[in-house]
Amino acid sequence: MYLLLSAERKKIWRCNKIMKQRIITAIVLIALFVPCLVLGGIPFALLMVFIGCMSTFELLSICNHPKAKIYLYPLIGLYLLLSLLLPSTLLVPSEYIMLFLLILVICGVFDASMSMNRLSYYFMASTLVAFGIHMTYHMRMNLSVYYLVLLAFATLGADTGAYFAGRTFGKHKLNVRLSPNKTVEGSIGGIILGGLLGSAYGILMKLSLPIYIIIMISFVLASTGQIGDLTFSSIKRTFEVKDYSQIFPGHGGVLDRFDSIIFNAMVLGILLHYLPLLFNFKI
């Protein structure tokens, strides 16, 4: 009995220690990242460079059997960072994407360790992150910080709603293969909370979008953020790692913390590009 109580106390102490670490890290991240977001300009550009560099390191460092060759770090790093310097349009030009694919294919011809599966991973994961940071940068620099705040409300609101709804009502597993703890009930709760928070923020701040578009975008982001989370989780499961890195104590790496945001930045950029054309309005 004493041994059981002692083990239980250690478990509780360990959980409390991890939670304290996560809270401290979260406060530090907010203190560092929010000013960059608000100020824009050079501070925000440096933040995007940091995210691009860390994403490059994390995408390649998890590779094993075989490990990623060293030349891929500057290659993929340049692909991500140069996406910030592309023309000030929401979408990444197809020529830029095709050039990167061509370079990867040429590397695959001469690099015996780069199988077709590995080449596909480098292209897919790098392009996904490049789209996300390019559209995040463009929205902050050329549109308004309010779009990024709406993105955060819808995405993080969905994460929060999914967590609490899953713990309270969760019974049916959503996708055991990719995330055993996620439930259908949690997913629905996340969509509702994220959609409502994003809609409320966009309407109250009077974004230059029709109200029905704000609501549509918010609920889409609350849904696709969960897809982004599962996408990056599937990458970790493929390479059998728990976290992309340990740069943020208690939270893992940049891609552990911002996977849904990066994925949803891409989604929001696509929506803001095509919805005005489809519904005939201007941003």
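Here the structure is a predicted model, which means the values were calculated and not measured.
- For Phe258, the ring pair (Phe, Tyr, Trp, His ring centres under 6.0 Å) test picks out Phe33, with sequence neighbours left out.
- One N or O on the side chain of Glu58 and one on the backbone of Val254 form a donor-acceptor pair closer than 3.5 Å.
- Residue Phe110 qualifies as open at atom CZ: its count of foreign heavy atoms under 6.0 Å is 12 or below.
- One finds the CG atom of Leu209 at 11.0 Å from the CE atom of Met216 (value rounded to the nearest 0.5 Å).
- The list of ring-ring contact (aromatic ring centres under 6.0 Å, His included) pairs with a residue in residues 130-159, not counting sequence neighbours, reads Phe153-Tyr201.
- Residues Val38 and Phe50 fall into different hydrophobic clusters, defined by Ile, Leu, Val, Met, Phe, Trp and Tyr side chains chained together at heavy-atom separations under 4.5 Å.
- Atom CG of Leu32 has more than 12 neighbouring heavy atoms from other residues, nucleotides or ligands inside a 6.0 Å radius.
- Here the straight-line distance linking atom CG of Leu80 with atom OG1 of Thr56 works out to 4.0 Å at 0.5 Å rounding.
- A donor-acceptor pair is defined here as one N or O able to donate and one able to accept, closer than 3.5 Å; no such pair exists between the side chain of Thr136 and the backbone of Ala265.
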Taking distance alone, no hydrogens or angles, what donor-acceptor pairs closer than 3.5 Å link side-chain atoms of residues 274-283 to residues at least two apart or in another chain?
none

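- Placement of Val109 and Ile76 in two distinct hydrophobic clusters is found when ILVMFWY residues are connected by side-chain heavy-atom separations under 4.5 Å, directly or transitively.
- Tested against Thr127 for a side chain to side chain donor-acceptor pair (under 3.5 Å), the candidates Tyr79, Tyr122, Tyr96 yield a single pass: Tyr79.
- For Asp256 (side chain) and Asp243 (main-chain N/O), no donor-acceptor pair under 3.5 Å exists by modelled atom type.
- The hydrophobic clustering, which links ILVMFWY residues whose side-chain heavy atoms are closer than 4.5 Å, places Leu46 and Phe44 apart.
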